[in-house]
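Residue numbers begin at 1 in each chain, while the letters A, B, ... track the order of the sequences.
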Protein chains: 2
Amino acid sequence: MKNPIADLNKIFDSRIRLGVMSILIVNDNISFNDLKQMLELTDGNLASHLNTLEQAEFIQVHKGFIGRKTSTTYAITALGKQSFKAHLDALEKMIKKL
Amino acid sequence: MKNPIADLNKIFDSRIRLGVMSILIVNDNISFNDLKQMLELTDGNLASHLNTLEQAEFIQVHKGFIGRKTSTTYAITALGKQSFKAHLDALEKMIKKL
DNA sequence: TTATTTAACTTTGAAAAACAAAGCACTTTT
DNA sequence: AAAAGTGCTTTGTTTTTCAAAGTTAAATAA
């Protein structure tokens, strides 16, 4: 039998990062604060998970302005979309024996 | 918007425990060694994850014999089955926006 | 104009979790 | 008798998680 977890991406073990990705895959330009409120996290915790996702090039940061006020938003990258979908596929395959 | 990760079970963050559950939900009486080989883990690592699942009462250990040789097998409990399914439902809901 | 608040972080440090390696008790195989 | 397998536990290191506090810069309230 083949190892059923071999195709799961370690980065998506964390339900927080899973949550971020599932939000970003349907919403572009979500702000730090939106994510923080949706996922009910502290600043530091969210920032560090966003960092992990950014290092992996699964998300991109956009620093922009609303008027003259800075506004940071996050978006999923092509690689992120692909990796996330691959992870979901692997999950599905693992479970489809049900 | 409702927190999309609130219903995910923290115990199933680990892809190893996810793997164990996905094997046990379809196979009863899987041995330590079977799991170890299927998931490609060291003894210590597997044992500690099995312990976590046992503490949570998601799996049960059966110590038996094959002939006169000891044989330990693992099985999912009703609670384990229920919790695992609830987790998968939560995952599905989180992702169904796709 | 001074004070407070908000956004988006970074830094720090503690606690928890993951993991490999080695040891162990017991049994079977050679 | 020696080697090997099963199912662990113990030990110790590395990694990860997380909260709290500090930071910079702008916006708003007093």
Side-chain angles (χ1 to χ4, degrees), chain A residues 3-6 8-21 23-24 27-56 58-76 87, chain B residues 3-6 8-21 23-24 27-56 58-76 87:
Chain A
N3 181 345
I5 66 177
L8 295 177
N9 192 324
K10 207 169 180 180
I11 286 190
F12 300 131
D13 268 20
S14 151
R15 73 205 176 300
I16 291 176
R17 292 193 290 267
L18 220 47
V20 169
M21 294 300 281
I23 289 170
L24 291 187
N27 301 83
D28 245 32
N29 303 318
I30 291 275
S31 73
F32 186 88
N33 232 280
D34 289 342
L35 288 172
K36 188 178 129 188
Q37 282 169 343
M38 285 176 189
L39 299 172
E40 300 175 52
L41 301 171
T42 55
D43 288 13
N45 198 187
L46 175 56
S48 71
H49 284 292
L50 289 176
N51 222 303
T52 301
L53 290 171
E54 208 190 335
Q55 293 293 104
F58 289 175
I59 66 173
Q60 254 180 344
V61 188
H62 294 285
K63 308 238 176 205
F65 291 90
I66 296 178
R68 265 195 316 173
K69 187 178 175 181
T70 58
S71 153
T72 309
T73 60
Y74 298 86
I76 200 166
H87 180 81
Chain B
N3 181 346
I5 66 178
L8 295 178
N9 193 324
K10 206 167 180 181
I11 286 189
F12 299 131
D13 267 20
S14 153
R15 72 206 175 301
I16 292 177
R17 292 192 291 267
L18 223 45
V20 169
M21 294 300 281
I23 289 170
L24 291 186
N27 301 83
D28 245 32
N29 304 318
I30 291 275
S31 74
F32 186 88
N33 233 280
D34 289 343
L35 287 173
K36 188 178 129 188
Q37 282 170 343
M38 284 176 189
L39 300 171
E40 300 176 53
L41 300 171
T42 55
D43 288 14
N45 197 187
L46 175 57
S48 72
H49 283 293
L50 289 176
N51 222 305
T52 301
L53 291 171
E54 208 191 333
Q55 292 294 102
F58 289 174
I59 66 173
Q60 255 179 345
V61 188
H62 294 285
K63 306 238 176 206
F65 290 89
I66 295 178
R68 266 192 317 170
K69 188 178 174 181
T70 57
S71 154
T72 311
T73 60
Y74 297 86
I76 200 166
H87 180 81

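Side-chain nitrogen and oxygen atoms of B:N33 include at least one within less than 4.0 Å of the OP1 or OP2 phosphate oxygen of D:dT6. Side-chain nitrogen and oxygen atoms of B:Y74 include at least one within less than 4.0 Å of the OP1 or OP2 phosphate oxygen of D:dC8. Residue B:H49 places at least one side-chain N or O under 4.0 Å from the OP1 or OP2 atom of C:dC19. For D:dC18, the OP1/OP2 oxygens have a side-chain nitrogen or oxygen of B:K10 closer than 4.0 Å. An OP1 or OP2 oxygen of D:dT17 is reached within less than 4.0 angstrom by no side-chain nitrogen or oxygen of A:N45.
Remark: the backbone N or O of B:I11 is paired with a side-chain donor or acceptor of B:R17 at under 3.5 angstrom. A distance-only check finds a donor-acceptor pair linking the side chain of A:H87 to the backbone of A:N9 [under 3.5 Å].
Among the protein residues, A:T72 comes within range of the sugar-phosphate backbone only, with heavy atoms under 4.0 Å from sugar or phosphate atoms but none that close to a base. Within the nucleic acid shown, A:L46 has no heavy atom closer than 4.0 Å to any nucleic acid atom. Residue A:L41 is classed as having no contact, given no heavy-atom separation below 4.0 Å to the nucleic acid.
Rounded to whole Å, the distance from NE2 on A:H62 to P on C:dC9 is 13 Å. Here D:dT9 presents its P atom at 9 Å from CZ of B:F32, a figure rounded to the nearest Å. Summarising the geometry, the separation between CG on B:D43 and C1' on D:dT9 is reported as 11 Å, rounded to the nearest angstrom. In this structure, CG of B:D13 is placed 12 Å from C1' of D:dT16, rounded to the nearest angstrom. Summarising the geometry, the separation between NZ on B:K36 and P on C:dC19 is reported as 16 Å, rounded to the nearest angstrom. One can place CD of A:Q55 at 14 Å from P of D:dT17, the figure rounded to the nearest angstrom. The distance from atom CG of A:L35 to atom C1' of C:dA7 is 13 Å, rounded to the nearest whole Å. Rounded to whole Å, the distance from CG on A:L50 to P on C:dA8 is 11 Å.
Looking at every heavy atom in both residues, A:D28 comes nearest to A:I76 through OD1-N, 4.4 Å. B:F32 and B:L46 get closest at one heavy-atom pair: O-CD2, 3.5 Å.
A donor-acceptor contact closer than 3.5 angstrom links the side chains of A:D34 and A:S31.
Here C:dA20 is the nucleotide among C:dA20, D:dT9, C:dT10 with the atom lying nearest to any side-chain atom of B:T42. For B:V61, taking side-chain heavy atoms from C-beta onward, the closest of the listed nucleotides C:dA18, D:dA19, D:dC8 is D:dC8.
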